[in-house]
Amino acid sequence: MAQLLYYQCKKLMPEGPSILILHEVLKPFKGKKVISASGYAKIDYKRLKGKTITDLKTWGKHTLICFKDFTVRIHLLMFGSYLVNKTKKINPKLSLHFTKDDVNFYMSDVKFIDEPLDDIYDWSADIMNKKWSAAKAKKKLSEHPKMMVCDALLDQDIFAGSGNIIKNETLFRSRIHPESLVSSLPPAKLSALLKEVSKYAFDFLKWKKEGTLGKHFQAYEQKECPRCRIPLHKRLTGKGKRQSYFCENCQAKYSSKLKAQG
DNA sequence: GTGAATGTTAACAG
DNA sequence: CCTGTTAACATTCA
C-alpha cells in the first residue's frame, strides 16, 4: 500500500471511468478491517466499526464498499473528491480508519445499502462493466421512442456511468446530433452509438490515467469542429438542459416524425 | 470576483 | 398524481 501513502486527485471528472480509478485506489483495502469511521454523513458510524471489507465494486458512478451484510454506497456527485492518508482543511463526509491508513471522502453522497446488490443493480446497464449489454440498452431505448439521444446518454438506467463529457464525445464521434430522437436513428447509427459509448469510456479511462483526457476532447469544451473546421455550437439541450457541444454540419439530426406515436 | 459545471435529489409549485 | 423548476452540496477553474 506504499504507493497509496500519498494519493491526490484534483480534477475528478466523476463519470464512470474516474470511478474505476477510485476503485483501483480502494482495491488494496479489500479484506482490511475498518477500525473506526467518522464524518458528517448522517449514517450510523458504529455499524462500520470492526467490520471487514469483503469486496469493492462499482456501478456506473457508484462506488460500492461491501461488508458481510450491507454495503456503503458513495457517489461523488459533481464536486466530490477523495484522499488516502491525507486530509483537506474541510471536514470529510466520510473517513474510514484502518490500522495504518485513512481514506477520506469529501462532498459526496454516502449511504448504506441493505439489499443484496444483485437485487438493485442492473449490471448490464453499466457501460464499463463486463456485463454491459448493448442489446439491453437498445431494448430500453425502444421503450422511450420520443427521448432525445442527449437525454438518453445521461440516463443512468440505460447508460450507467455516462456523464456529460462521455455524452458529448460519443455523439461527436458517432456523428449524431444531440437532439436526435432515439426512435429516429437508423439501425446502423444506433449500433455505432451503442458501441462508441463504451469504447469512449475506456479511452477516457486510459487518457485520464495518462493525464491527457482534455487533449483528446473533440467536442466537449471545444470551439471548432476538428473535422469541418467550423465553429461548434454550444447550447443546453434536452429535458435535462445540459450543455451540448456539437457540429451542425457533420452531426446528422435524426428527428423525422414518429409514425403515429411509435 | 464571477459564473459555470463532471450529478443527483429533495422540496415545492402548479 | 404528474411535470417542471429550484436549490443545495464545506468545490474548482477559467
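All chains are named by letter (A, B, ...) in the order of the sequence lines, taking the proteins before the strands, and each is independently numbered beginning at 1.
- The stretch residues 53-66 of chain A participates, sequence neighbours left out, in these salt bridge (Lys or Arg N to Asp or Glu O under 4.0 Å) pairs: A:Lys30-A:Asp55.
- Among residues at least two apart or in separate chains, ring-ring contact (aromatic ring centres under 6.0 Å, His included) pairs with a member in residues 186-210 of chain A are A:Trp207-A:His216.
- The interatomic distance linking A:Ile166 (CD1) with B:dG7 (P) rounds to 8 Å, in whole Å.
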Is there a side-chain contact (heavy atoms from CB on, under 4.5 Å) between A:Leu56 and A:Ile65 once you walk through the steps? CA-CA 5 Å; A:Leu56 291 153; A:Ile65 304 176; 3.8 Å; yes

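- In this model, the phosphate group of C:dT12 is approached by a side-chain N or O of A:Lys88 to a distance below 4.0 Å at OP1 or OP2.
- In terms of phosphate contacts, A:Lys89 brings no side-chain nitrogen or oxygen within less than 4.0 Å of OP1 or OP2 of C:dA10.
- For the pair A:Leu76 CG and B:dG7 P, the interatomic distance rounds to 11 Å; values are reported in whole Å.
- Between A:Ile90 atom CD1 and C:dT11 atom C1' there is a gap of 7 Å when expressed in whole angstrom units.
- With sequence neighbours excluded, the residues forming a ring-ring contact (aromatic ring centres under 6.0 Å, His included) with A:Phe67 are A:Phe70, listed by chain and number.
- Between A:Tyr106 and the phosphate of C:dT11, there is no side-chain N or O to OP1/OP2 separation shorter than 4.0 Å.
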Could you write out DNA chain C as dot-bracket? Rules: Watson-Crick or G-U wobble, both distances under 3.5 Å, brackets [ ] for crossings, | for pairs with another strand, dot for unpaired. .||||||||.||||

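- Among pairs with a residue in residues 229-240 of chain A, those fulfilling side-chain hydrogen bond (donor to acceptor under 3.5 Å, both in side chains) read A:Glu179-A:Arg235, A:Glu224-A:Arg229, A:Thr237-A:Ser244, at least two apart in sequence or across chains.
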Which donor-acceptor pairs under 3.5 Å do side chains of residues 189-196 of chain A form with protein atoms, sequence neighbours excluded?
residue: A:Lys189; atom: NZ; partner: A:Ser174; partner atom: O; Å: 2.7
residue: A:Ser191; atom: OG; partner: A:Pro187; partner atom: O; Å: 3.1

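- Partners of A:Ser38 according to the side chain to side chain contact (heavy atoms under 4.5 Å, CB included) rule, which considers only residues two or more places apart in sequence or in another chain, are A:Ser95, A:His97.
- Applying the ring-ring contact (aromatic ring centres under 6.0 Å, His included) rule to A:His62 yields the partners A:Trp59, A:His75, A:Tyr121; only residues at least two apart in sequence or on another chain are considered.
- Distances shorter than 4.0 Å separate none of the side-chain N or O atoms of A:Gln156 from OP1 or OP2 on B:dG7.
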Can you tabulate the close N/O pairs, meaning under 3.5 Å, that link protein atoms to atoms of nucleotides 1-5 of chain B?
residue: B:dA5; atom: OP1; partner: A:Gln243; partner atom: NE2; Å: 2.5

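- In this structure, A:Ile165 atom CD1 and C:dC13 atom P are separated by 14 Å, rounded to whole Å.
- When the side chain to side chain contact (heavy atoms under 4.5 Å, CB included) test is applied to A:Glu115, the partners found at least two apart in sequence or on another chain are A:Ile113, A:Ile120.
- With respect to A:Leu181, the side-chain contact (heavy atoms from CB on, under 4.5 Å) criterion is satisfied by exactly one of A:Lys146, A:Met147, A:Lys253, A:Met148: A:Met148.
- Partners of A:Tyr220 by ring-ring contact (aromatic ring centres under 6.0 Å, His included), not counting sequence neighbours, listed by chain and number: A:Phe217, A:Tyr245.
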At a cut-off of 3.5 Å, list every protein nitrogen or oxygen paired with a nitrogen or oxygen from nucleotides 4-6 of chain C, distance to 0.1 Å.
residue: C:dT5; atom: OP2; partner: A:Lys241; partner atom: NZ; Å: 3.2

